[in-house]
Amino acid sequence: MPIITIEQAGQYDGQEVTLRGWLYNQRESGKLLFPIFRDGTGIMQGVCSLKEQPAAFEALRGLTQESSVIVTGKIRAEQRAPGGFEIGVSAVEVLQRVSESQPYPIQLKEHGVDFLLNQRHLWIRSPRQAAILRIRAEAIRAAREFMDGQGYTLTDAPIFTPAACEGTTTLFEVQYIDDEKAYLTQSGQLYVEATAMALGKVYAFGPTFRAEKSKTRRHLTEFWMLEPEAAYADLGDMMELGEGLVSHVVQSVLKNRTRELEALKRDTTKLATVKAPFPRISYDEAIAVLQKSGNPAKHGDDFGGDEETILSSQYDRPLIVHRYPAAIKAFYMQPDPQRPDLALGFDMLAPEGYGEIIGGGQRIHDYDLLVKRLREHNLPEESFQWYLDLRRYGSVPHAGFGLGLERTVAWICGTEHIREVIPFPRMIYRVYP
RNA sequence: UCCCCGGUAGCUCAACGGUAGAGCAUUCGGCUGUUAACCGAAGGGUUGCAAGUUCGAAUCUUGCCCGGGGAGCCA
């Protein structure tokens with residue numbers, strides 16, 4: 001008797017099989033039961049009649065939602081069944097029956113956000129949430145496949161960092177052993193700059209933490225970033241790498257998670273066009289576009305959500321905006337030799353209003369300039385000695401970027417909120433469960 | 001930190017200042033092809049908290065708490 005998953009059921013038409021999972025829902029119609037099972041790979045309807053399978057019928061009758069069950073029966077193609085196949089249940093073993101006095105709290109109907117987030121540990125059992133998490137996993141797999149294929153070596157950055165790199169206000173402070181303080185990393189970038197000088201082409205992939213009091217559908221306090229960094233690379237190399245990476249991730253999800261995208265009712269025609277090269281415009285051009293559309297943006301402004309949406313909505317694939325004013329960018333950005341007021345940085349804006357998914361560019365490799373910038377930004381030089389060492393010992397031009405995993409996955413999935421695309425979202429004022 | 005919205009049964013929501021209700025969930029009963037099944041019945045409430053106005057407050061006022069959306073900041 002083969003033990004199979006619901007995903008595989010189509011290959012077992014006409015055969016007797018065993019499914020191991022949970023009771024997702026059950027409709028009762030007199031002496032006929034229509035239990036619906038889920039096993040993590042999908043959901044499948046069962047049929048059980050009192051007349052033909054009295055023992056199984058008794059086991060299933062009145063069984064509560066999310067009770068764990070091992071079910072045996074014959075798979076058969078059935079037009080009336082959701083998914084096209086159903087299982088004629090012949091035997092049922094109930095491992096744990098959910099109590100009637102404390103029924104499973106999440107019903108098959110609309111629920112509020114607050115309630116669902118408090119039940120996140122159960123909410124992820126819902127088919128929609130499971131589909132999203134599978135797409136997230138595929139996005140990660142494809143991203144690593146791409147980076148590895150491009151000759152980048154995974155060199156992860158530390159989570160604990162010793163000092164405030166860009167001001168303490170947005171950092172989570174933790175007590176480190178005795179009286180020492182440490183901070184949760186905001187970005188692995190400074191560290192991958194170091195490993196890039198050791199290994200050439202590297203990337204980090206891990207969680208980052210921001211104590212910003214942002215309350216929007218695009219923000220989490222804990223999110224995952226993929227951060228490539230390459231020695232001897234320039235802005236153009238990174239824009240090319242970024243569009244290659246995003247194209248590969250999107251196309252891989254389209255190819256390998258078709259069913260999940262379907263479950264989410266995602267309009268995949270909007271993803272199919274996502275292939276390199278992506279449109280690129282300079283910051284100055286972006287300002288002109290905004291002004292033409294009536295937006296009050298002027299040179300020197302950074303873009304907010306509205307501006308990003310106006311710009312990105314004009315294209316069928318992500319948009320790269322490059323060469324921002326140095327004044328609104330991070331201290332380590334290499335100035336454009338043609339226009340020193342501009343930084344050799346770029347952002348990639350996802351379509352459909354999902355905002356910035358990549359930010360990066362070329363880093364300052366000149367020791368004196370970097371020291372100057374540290375001072376201009378009032379940053380503690382002593383904390384950056386190791387970082388300055390990278391400019392003391394064989395400094396070379398180098399570049400990299402950070403890709404926000406959750407924003408990317410939210411865009412691919414078409415979800416309303418970024419919080420749905422990470423198993424346990426951490427947000428301002430919400431760390432449970 | 002600022003602006004806007006919300007908080008009523010386990011859940012989703014109604015209720016003009018005048019007896020707190022429905023659907024779902026749960027329990028009981030009915031139904032052999034259901035599609036968030038359906039039909040009938042039952043149980044289930046400190047209306048977020050605290051004051052105030054009023055003959056009377058879920059409803060009006062003030063403060064607080066909690067949550068959501070957005071701004072700023074960012075991925």
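Numbered from 1 within each chain, the chains take letters A, B, ... in sequence-line order. Keep in mind that this is a model prediction, so the values were computed, not measured.
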**OP:** Report the relative orientation of the aromatic rings in A:F172 and A:F209; use parallel for angles under 30°, tilted for 30 to 60°, perpendicular for over 60°.
**Re:**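 Judged by the thresholds at 30° and 60°, the geometry between A:F172 and A:F209 is perpendicular.
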Is [X] touching bases, backbone alone, or none of the nucleic acid, heavy atoms closer than 4.0 Å?
X      : answer
A:E100 : sugar-phosphate
A:P105 : nothing
A:I358 : sugar-phosphate
A:E356 : sugar-phosphate

Atom CG of A:D347 and atom C1' of B:rA75 are separated, to the nearest Å, by 9 Å
Test for a donor-acceptor pair under 3.5 Å between the base of B:rU34 and the side chain of A:Q45, counting only N and O atoms.
-> yes
Interatomic distance at [atom1], [N] relative to [M], whole Å:
N      : M      : atom1 : value
B:rC24 : B:rA9  : C1'   : 12 Å
B:rG40 : B:rA20 : P     : 26 Å
B:rA57 : B:rA51 : P     : 13 Å
B:rC64 : B:rG7  : C1'   : 14 Å

Its contact letters, B for base, S for sugar-phosphate only and - for none at protein heavy atoms under 4.0 Å, make nucleotides 64-73 of chain B read ---SBSBBBB
Shorter than 3.5 Å, N or O on both sides, protein versus nucleotides 43-46 of chain B: list them out with atom names.
none

**Item:** Contacting residues from residues 83-97 of chain A, given that a heavy atom lies under 4.0 angstrom of RNA chain B
**Value:**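 Going residue by residue through residues 83-97 of chain A, the ones with a heavy atom under 4.0 Å of RNA chain B turn out to be A:E86.
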Quiz item: After noting the C-alpha distance and the side-chain angles of A:K201 and A:E229, does the key distance pass the salt bridge (Lys or Arg N to Asp or Glu O under 4.0 Å) rule?
Solution: CA-CA 6 Å; A:K201 298 200 286 187; A:E229 193 75 29; over 6 Å; no
query = Step by step, would you call A:D336 with A:R339 a salt bridge (Lys or Arg N to Asp or Glu O under 4.0 Å)?
reply = CA-CA 5 Å; A:D336 186 345; A:R339 290 267 310 272; over 6 Å; no
Would you say the side-chain atoms of A:E145 and A:H248 include a donor-acceptor pair closer than 3.5 Å?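 Yes, because at least one side-chain N or O of A:E145 sits under 3.5 Å from a partner of the opposite role on A:H248.
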